[in-house]
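I have placed the structure first, in the form of structure tokens, so that the comments after it can refer back to it.
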Amino acid sequence: MNSLIITSIEQGLIFAILAMGVVISYKILNMADLSVEGTFPFGAFLFAKFISMGMNPIVSTLMAFCIGTLAGLLTSVLFTKIRIKPLLAGILTMTILYSVNLKINGKSNIPLFSYDSVFNLGNALVVLVIIVLIIKIILDLFLKTETGYLLIATGDNESLVRSLGKNSNMYKTMGLMLANGLVALSGALMAQMQGFADITMGSSIIVVALASIIIGDTIMKNSHKIENTTRAILGAIIYKIIGGIAIDLGLDPQDLKAISAIIVIAFIFYNNSMADLLELRKRKVELRNAKNSQSVQEF
Amino acid sequence: MLKIVNLSKSFNTGTENEIKVFDNLNLQIEANKCTAIIGPNGCGKSTLLNLIGGSISPDQGQIILNGKDVTKLKEEERAIYIGKVHQNPYMGVSPSLTILENIALADKKGEKFTLRRLIKRKNMDRYIELLESIDLGLENKLNTKVKFLSGGQRQSLALLMAAMKHPDLMLLDEHTAALDPRTSRIIMKKTKELIEKYSITTIMISHNMRDAIEYSDRIIMLDKGKVVLDKPSKSLTEDQLLDIYRRRFEESIA
């Protein structure tokens, strides 16, 4: 049981990086960027390529991040320049990446057991905690900068960004690049943890990311003190622990994906029905106010 | 001063639905004055404001702001000289950010956005002073998210954010239309105070004749893209203006 928890936390930490990436596209920019399904294995295959070329595992992992940002650039160009809707733009990038991933090493599965990994640096859990904390701190600091706030404002209200004299598309591009870079980094770490890169490892990864974010959001829901990054990290870890325990209790691992999807559906349904309820109440109040002001005018 | 020279704009050009909104429109808007533009829906008020603001571009003609031809400038490049307040109070703010964060963002308008912290201690007193100037107690709610404010408070904040960097031109697009009558009047008063305090040349679109008379220096009435009335506001009473408006537009509907 103990080792199960530790493995779940380790995997949760890797997915935490994925979830922090998706926080940028989904929560901050308000875009459902499906390209991450391709970017996750993209990072894994890039890592496999660089490590097999004899590069240091840290450099290979960082290279996966840097080149992974290009996936975000592609989606952004499709979206902002060719004006393809974000959902389709993401799917197109994902489709392109599928072929690219197969081309990088010429194979759909690359064993990595014989190569060094960042986990050789020390205890895997400690290494992961350090990596996740560094990313979280940098991201939190970035979101407090002038540029970071403009990124948030872009997702919130593009016309405000333009009125400040800035091109909002540039900030969307920046956000998508950063998001995809983090997802690729997460994929590179996953490849090192499991000892291979595989073409299917990105399949429905967006659901895992969304499930993590949604679970994270329910932790002390009304507290504004918890950052989105902290929520994503906790959400990813809890998600993995729940999944680990469920499998340990006899759940067929093949059912896990459906259950993740159901978690996402249930939480979104809950949030939306709450929102509808609030909206209904608000409308009633507004209607009453409008009636009042009308009667004042008539008077 | 704003000069509009031979401005033409059509929509759906080349189709059977072609609409010619402006055909060689010429207009001069005096500096440091508030000009109200009135007219029924479809007369070209909003198109004119969008052309000036740069969210759409003209087919031909020039828009000259304080001697500078801004026609070719993109919306965001032009925004440095222009403040705009929309009908929807959400359009001028970032709802998920706090009041303080919104003010700090607006304070950087037209400047370079760097990797330095946005909220700086040294600016706090100035932000508080600015918020105090609109007299809504927002200075005591610095860390409240803007989405939790009332429509009137949000629009006051949007107004302050648009005006605080002293733009050359302020565009008010029916900015009180979505508010209740009382709040609408308060916002109009605050608008007047702010544009007078910062001496900003202002163009205001309004459907409210009383506001147009009371708060502007000059009234321009548009009909099908043409100026059909152009008078100093003080030379008209609300009844006279309503009468002209009704005769022109309501009879034609009947």
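Lettering follows sequence order; numbering is per chain, from 1. Keep in mind that this is a model prediction, so the values were computed, not measured.
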Should the heavy atoms of other residues, nucleotides or ligands under 6.0 Å from NZ of A:K136 be counted, would the total exceed 12?
yes
Out of B:A162, B:S96, B:A106, which one racks up the most heavy-atom pairs below 4.5 Å with chain A?
B:S96
For A:T147 against B:F113, the heavy-atom pair lying closest together
OG1-O, 3.4 Å
Here's a test for you: under side-chain hydrogen bond (donor to acceptor under 3.5 Å, both in side chains), which of B:R116, B:K112, B:K120, B:R117 qualifies with A:E146?
B:K120
Whatever's closer than 4.5 Å to a heavy atom in chain A on B:E101 counts as side chain
What parts of residues 155-174 of chain A touch chain B if we use heavy atoms and a cut-off under 4.5 Å?
A:D156, A:N157, A:S159, A:L160, A:R162, A:S163, A:L164, A:G165, A:K166, A:N167, A:Y171
Where A:A153 and B:S94 come nearest, the two heavy atoms and their spacing
CA-OG, 3.7 Å
Count the heavy atoms belonging to other residues, nucleotides or ligands that lie under 6.0 Å from CZ of B:F11, then report whether that count exceeds 12.
yes
Relative to chain A, which of B:E76, B:E75, B:K74 shows the most heavy atom pairs under 4.5 Å?
B:E76
Select, from B:M161, B:R182, B:K108, the one with the greatest count of heavy-atom pairs under 4.5 Å involving chain A.
B:K108
Give a yes or no on this: more than 12 heavy atoms of other residues, nucleotides or ligands lie within 6.0 Å of atom OH of A:Y26.
no
Between chain A and each of B:N143, B:L115, B:T114, count heavy-atom pairs under 4.5 Å; write down the option with the most.
B:T114
